[in-house]
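When a ligand or atom number is given, it counts from 1 through the structure's own listing order.
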Amino acid sequence: MNAAEPRPSRGNGLPDMPGGGQTGEGETAGVAALLERTGAHRRGHFVLTTGLHSDEFFLLAQSFQYPEVLEQLGAALAAALRRVLPPGEGPAGGPAGEGGAPAGWAAGDGLRPVAGDRGPAGGGGARPVGAVVGPAMGGVLLAHAVARVLKARSLFAEKDDGGAMRLKRGFRLEPGEPVVVVEDAVTTGGSVRKTMDAVAAAGGRVVAVGAVVDRSGGGVDFGVPFVALLSRPVAAYPPDRCPLCRQGVPLVAPKQR
Ligand SMILES: O=P(O)(O)OC[C@H]1O[C@H](OP(=O)(O)OP(=O)(O)O)[C@H](O)[C@@H]1O
Ligand SMILES: O=C(O)c1cc(=O)[nH]c(=O)[nH]1
């Protein structure tokens, strides 16, 4: 096999991510290869959520349709997040409590309690991450995959009528509960910021942000540590300054097809 080719693994034709979830060049290459192989990385002429145009698009639903790939990406992102989480705000452990859990479910049932019920972490000390929150739709599956590894709850925020994000469906956070926000692809960071606002409105405290792809190449600042499995600047143009429009390349809304 050509050394530059992704390594097939587990008989599914998908490449392993070198380093078992370690960040660095090897992992970046592994993630890029995974996105190529699963058809998530597209080239053409695309309209983005913000109305900007781009010649590249990361349609991560294509990758996430393979549970094994979602699991790999979630594990890699969880590992990267662990490295930037403040001490004590890593994965949860500790005893289960009642809050958020249906009656009769407790430690050993596989349910994660809300952070305020985790005993020793309270009392002014750092608390473990209680929840991973993703913006719907792109962040829903990813939040689940990351939460599974961090042993936290998996929640999602949804747009309300005004375009803001909100926790709905009875999702609750404890006051000051440490939360990680995850996103499939970050361009301007607007969706992550709205999700952070939703977490704050629900009383939680965002301690880190993670994404599979950071199209800003490190150009966005969320005020908390931000990690991405693949980070590089990707051009995005206002429509009236889009070179692809000038060339007459057909414009595609990739999520609508
Ligand atoms: O960094 P930004 O400029 O905010 O753009 C990135 C966001 O846009 C997309 O979501 P979209 O709003 O299209 O909703 P979806 O997740 O339902 O596809 C994407 O999944 C990110 O959430
Ligand atoms: O900016 C966006 O809307 C966007 C870009 C991208 O590459 N992928 C995606 O899902 N959304």
Could you find the nearest protein heavy atom to atom 11 (P) of ligand 1 and give me its residue, atom name and distance? T49 OG1, 3.4 Å

Would you check whether G138 has a nitrogen or oxygen atom less than 3.5 angstrom from a nitrogen or oxygen atom of ligand 1? yes

Counting from 1 in the order shown, the ligand 1 atoms closer than 4.0 Å to a non-hydrogen atom of A136 are 16 (O), 17 (O)

Show the atoms of ligand 1 that are less than 4.0 angstrom away from any heavy atom in M137. 15 (P), 16 (O), 17 (O)

Can you check whether G163's main-chain N or O pairs, donor with acceptor, with K194's side chain at less than 3.5 Å? yes

Looking only at distance, does E56 have an N or O less than 3.5 Å from an N or O of ligand 2? no

Same apolar cluster: L244 and L48, side chain cutoff 4.5 Å: no

Which of R42, R232, R215, H45 passes side-chain hydrogen bond (donor to acceptor under 3.5 Å, both in side chains) with E56? It is R232

Would one find an N or O of E183, backbone or side chain, under 3.5 Å from an N or O of ligand 1? yes

Any atoms of ligand 1 less than 4.0 Å from a non-hydrogen atom of V186? List them with their elements. 1 (O)

Heavy-atom pair with the smallest gap, counting every atom of T195 and G134: CG2-C, 4.5 Å

Would you kindly specify which portion of T187 sits under 4.0 Å from ligand 2, judged on non-hydrogen atoms: side chain, backbone, both or neither? side chain

Quick test: of every protein heavy atom, which one is nearest to atom 8 (N) of ligand 2, and how far off is it to 0.1 Å? F58 O, 2.8 Å

Are any side-chain N or O atoms of K168 and backbone N or O atoms of F156, one a donor and one an acceptor, separated by less than 3.5 Å? no

Under 4.0 Å from a heavy atom of R215: which atoms of ligand 2 are those, numbered in the order shown and with their elements? 5 (C), 6 (C), 7 (O)

Just jot down the ligand 1 atoms closer than 4.0 angstrom to any heavy atom of A185, in number order. 6 (C), 7 (C), 19 (C), 21 (C)

Worked verdict on R169 versus E158 for salt bridge (charged side-chain N to carboxylate O under 4.0 Å, His left out): CA-CA 10 Å; R169 299 173 199 260; E158 298 166 82; 2.6 Å; yes

Does T50, backbone or side chain, put an N or O under 3.5 Å from an N or O of ligand 2? no

Intermediate values then yes/no, side-chain contact (heavy atoms from CB on, under 4.5 Å), V234 and V213: CA-CA 10 Å; V234 181; V213 181; 5.9 Å; no

Applying a 4.0 Å heavy-atom criterion (strictly less than), which segment of D184 is in contact with ligand 1: side chain, backbone, both, or neither? side chain

Top protein contact for atom 4 (O) of ligand 1, by heavy-atom distance: S191 N, 2.8 Å

Atom indices of ligand 1, in the order listed, that fall short of 4.0 Å to a heavy atom of K159: 12 (O)

Numbered in order shown, the ligand 1 atoms found under 4.0 Å of a heavy atom of G190 are 1 (O), 2 (P), 4 (O)

Please could you name the atoms of ligand 2 that K255 approaches to less than 4.0 Å, counting only its heavy atoms? 9 (C), 10 (O), 11 (N)

Could you check whether E183 and S191, counting side-chain N and O atoms only, form a donor-acceptor pair closer than 3.5 Å? yes

Look at the side chain of R205 and the backbone N and O of P178, then say whether any donor-acceptor pair between them is shorter than 3.5 Å. no

Can you tell me if H144 has over 12 outside heavy atoms packed within less than 6.0 Å of its NE2? no

List the closest protein heavy-atom neighbour of atom 18 (O) of ligand 1: residue, atom name, distance to the nearest 0.1 Å. K255 NZ, 2.7 Å

Check against side-chain contact (heavy atoms from CB on, under 4.5 Å), V209 and M196: CA-CA 9 Å; V209 173; M196 293 175 78; 4.1 Å; yes

Tell me if the CZ atom of R193 is crowded by more than 12 foreign heavy atoms within 6.0 Å. yes

Any nitrogen or oxygen of F57 lying under 3.5 Å from a nitrogen or oxygen in ligand 2? Just yes or no. no

Can you name the atoms of ligand 2, numbered from 1 with element, that are less than 4.0 Å from a heavy atom of T49? 2 (C), 3 (O)

Heavy-atom closest pair, residues A208 and V84: CB-CG2, 4.4 Å

Atom indices of ligand 1, in the order listed, that fall short of 4.0 Å to a heavy atom of T50: 3 (O)

Can you tell me the protein heavy atom closest to atom 3 (O) of ligand 1 and the distance? T188 OG1, 2.5 Å

